[in-house]
Number of protein chains: 2
Amino acid sequence: MNNRPDLQANQCSENHDDSPVTAILSLEKAQRMAEFFGVLGDPNRWRILSALAMGEHRVRDLAAAVDMSESAVSHQLRILRTMRLVSYRKRGRNVFYCLKDDHIFNLYREASEHLDEPPEVE
Amino acid sequence: MNNRPDLQANQCSENHDDSPVTAILSLEKAQRMAEFFGVLGDPNRWRILSALAMGEHRVRDLAAAVDMSESAVSHQLRILRTMRLVSYRKRGRNVFYCLKDDHIFNLYREASEHLDEPPEVE
DNA sequence: TGAACACATGAACACTTGTTCACGTGTTAT
DNA sequence: ATAACACGTGAACAAGTGTTCATGTGTTCA
């Protein structure tokens with residue numbers, strides 16, 4: 001799936017290509033995409049990410065901020081870690097988490113734009 | 001969650017702000033984000049989207065392309081429709097689906113970039 | 001009109017996912 | 001050394017999700 005300008009989007013227009021439809025995404029790539037976006041498919045993980053958008057924070061403070069148990073937050077941070085969305089540094093018995101890169105911001109913005117678009121009238 | 005340049009990302013640096021951590025995303029917004037990304041958290045939906053990236057297609061051709069039953073594809077298209085990721089037009093007893101806008105391309109590209117980044121060495 | 005077709009939908013079932021609870025590891029303080 | 005603390009992890013259970021199967025709606029063709 002690329003971004004060629006000739007791709008049809010936004011309204012269904014006739015397609016005169018009779019060749020069989022082929023899914024361009026391989027099963028493996030589709031699986032990887034789904035796993036990644038699936039991680040973003042939980043409201044508590046978004047709240048954790050949004051708290052980390054303010055700067056790094058300890059697990060216990062994150063738990064207080066999103067009103068979850070430390071255990072639950074730790075489980076979620078583990079998932080975010082495996083998807084490389086957050087990184088951390090240890091300092092004594094505290095562990096400080098922060099966002100790993102800017103991709104999460106861009107994804108957030110793109111999704112927001114989509115969700116904020118008004119539903120069409122017909 | 002915005003994109004201010006002063007936000008700390010990519011590595012955990014010290015944060016000397018002692019104010020309590022506040023999650024900027026409201027529960028409702030986090031829920032909406034999760035619902036949207038959750039829809040993208042299924043490999044078969046990505047394969048359907050990737051097939052539609054080539055142009056509009058009928059349900060039955062989509063089913064053949066992604067090797068699923070027409071019923072399963074129809075169920076998935078319904079979900080994609082409610083998230084306004086696809087639109088359709090009816091033509092006799094056929095229904096042609098296509099991508100609704102370009103957001104899906106941008107999301108795909110951003111995720112790809114993230115997934116393709118090499119894991120760091122330490 | 002009746003049969004075949006293309007698609008949609010509801011119920012049910014298997015499977016996945018997120019939380020809680022209990023416990024373990026490593027660090028700090030007394 | 002001992003206790004308290006901060007965090008991580010495994011098992012288990014509740015809740016959510018995707019597929020199949022059966023059926024329904026609307027269209028085309030003989």
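Given the structure is predicted, the values throughout are model-derived calculations rather than measurements. We name chains A, B, ... by the order of the sequence lines, and we start the count at 1 in each one.
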Next item on the list: Provide the closest heavy-atom pair for A:Trp46 versus A:Leu40 in the form atom of the first, atom of the second, distance.
Entry: NE1-O, 2.6 Å
Quick one: which protein N/O atoms are closer than 3.5 Å to N/O atoms of nucleotides 12-16 of chain D? Pair and distance per line, please.
none

Check: For DNA chain C, which residues in residues 73-80 of chain B have a heavy atom at a distance below 4.0 Å?
Finding: B:Ser74, B:His75, B:Arg78
Next item on the list: Output all residues satisfying side-chain contact (heavy atoms from CB on, under 4.5 Å) with A:Arg91, sequence neighbours left out; order by chain, then residue number.
Entry: A:Arg89, A:Phe96, B:Glu14
Note to self: Taking A:Val39's backbone N and O only, do any of them form a donor-acceptor pair with A:Arg45's side chain (distance below 3.5 Å, no angle check)?
What the structure shows: yes
Next item on the list: For A:Asn94 and C:dG26, give me the distance from atom CG to atom P, rounded to whole Å.
Entry: 17 Å
Notebook entry, point to check: Quick one: CG on A:Leu85 to CG on A:Leu77, what's the gap to the nearest 0.5 Å?
Noted result: 11.0 Å
Checklist line | Nucleotide C:dT19, atom P - distance to CD of A:Glu70 in whole Å | finding: 15 Å
Next item on the list: I would like to know whether A:Glu117 and B:Asp101 meet side-chain contact (heavy atoms from CB on, under 4.5 Å); could you show each step before the answer?
Entry: CA-CA 11 Å; A:Glu117 274 172 7; B:Asp101 56 41; 3.4 Å; yes
Note to self: What is the distance, to the nearest angstrom, from the CD atom on A:Glu35 to the P atom on D:dT17?
What the structure shows: 18 Å
Margin query: Using the rule given for side-chain contact (heavy atoms from CB on, under 4.5 Å), can you reason through A:Tyr88 versus A:Val59, listing the C-alpha separation, both sets of side-chain angles and the distance that settles it, and then say yes or no?
Written below: CA-CA 10 Å; A:Tyr88 64 97; A:Val59 175; over 6 Å; no
Check: Just by protein heavy atoms under 4.0 Å, how would nucleotides 22-28 of chain D read 5' to 3' in B, S and -?
Finding: B----BB
Margin query: What's B:Tyr97 touching, base or sugar-phosphate or nothing? Going by heavy atoms closer than 4.0 Å.
Written below: sugar-phosphate
Check: Between atom CG in A:Leu62 and atom P in D:dG8, what is the gap in whole Å?
Finding: 10 Å
Item checked: Partner nucleotide, any strand, of D:dA30 [Watson-Crick/G-U, under 3.5 Å] -> C:dT1
Next item on the list: Not counting sequence neighbours, list each pair that qualifies as a salt bridge (Lys or Arg N to Asp or Glu O under 4.0 Å) and has a residue in residues 62-74 of chain B.
Entry: B:Arg60-B:Glu70
Next item on the list: Check B:Leu52, B:Val86, B:Ile104 against B:Leu80 for a side chain to side chain contact (heavy atoms under 4.5 Å, CB included) and give me the one that passes.
Entry: B:Val86
Report all interatomic pairs (protein N or O, nucleotide N or O of nucleotides 12-17 of chain C) with separations under 3.5 Å.
none

Margin query: Using the ring pair (Phe, Tyr, Trp, His ring centres under 6.0 Å) criterion, which residues pair with A:His114? Sequence neighbours excluded.
Written below: B:Phe36, B:His103
Notebook entry, point to check: Can you name the residues that form a side chain to side chain donor-acceptor pair (under 3.5 Å) with A:Arg81, not counting sequence neighbours?
Noted result: A:Tyr97
Next item on the list: Please check the phosphate of C:dG18 (OP1 and OP2 only) for any side-chain N or O of A:Asn44 closer than 4.0 Å.
Entry: no
Note to self: Without decimals, in angstroms, what is the distance between B:Lys90 NZ and C:dA8 P?
What the structure shows: 7 Å
Item checked: Distance, rounded to the nearest Å, where A:Asp61 contributes CG and D:dC5 contributes C1' -> 14 Å
Give the table of side-chain donor-acceptor pairs shorter than 3.5 Å for residues 27-34 of chain B, with sequence neighbours excluded, one pair per line with atom names and distance.
from, atom 1, to, atom 2, distance (Å)
B:Lys29, NZ, A:Ser112, OG, 3.2

Next item on the list: Between B:Arg81 and A:Met68, name the one whose nearest nucleotide on DNA chain C is closer to the 5' end.
Entry: B:Arg81
Next item on the list: For A:Ser50 and A:Arg47, indicate whether the former's side chain and the latter's backbone hold a donor-acceptor pair under 3.5 Å.
Entry: yes
Checklist line | Distance, rounded to the nearest Å, where A:Arg47 contributes CZ and C:dT19 contributes P | finding: 12 Å
Notebook entry, point to check: Considering all heavy atoms of both residues, which atom of B:Ser69 and which atom of B:Ala72 are nearest to each other, and what is their separation?
Noted result: OG-N, 3.0 Å
Margin query: Could you measure the distance from the CD atom of A:Gln76 to the CD1 atom of A:Ile48? Nearest 0.5 Å is fine.
Written below: 5.5 Å
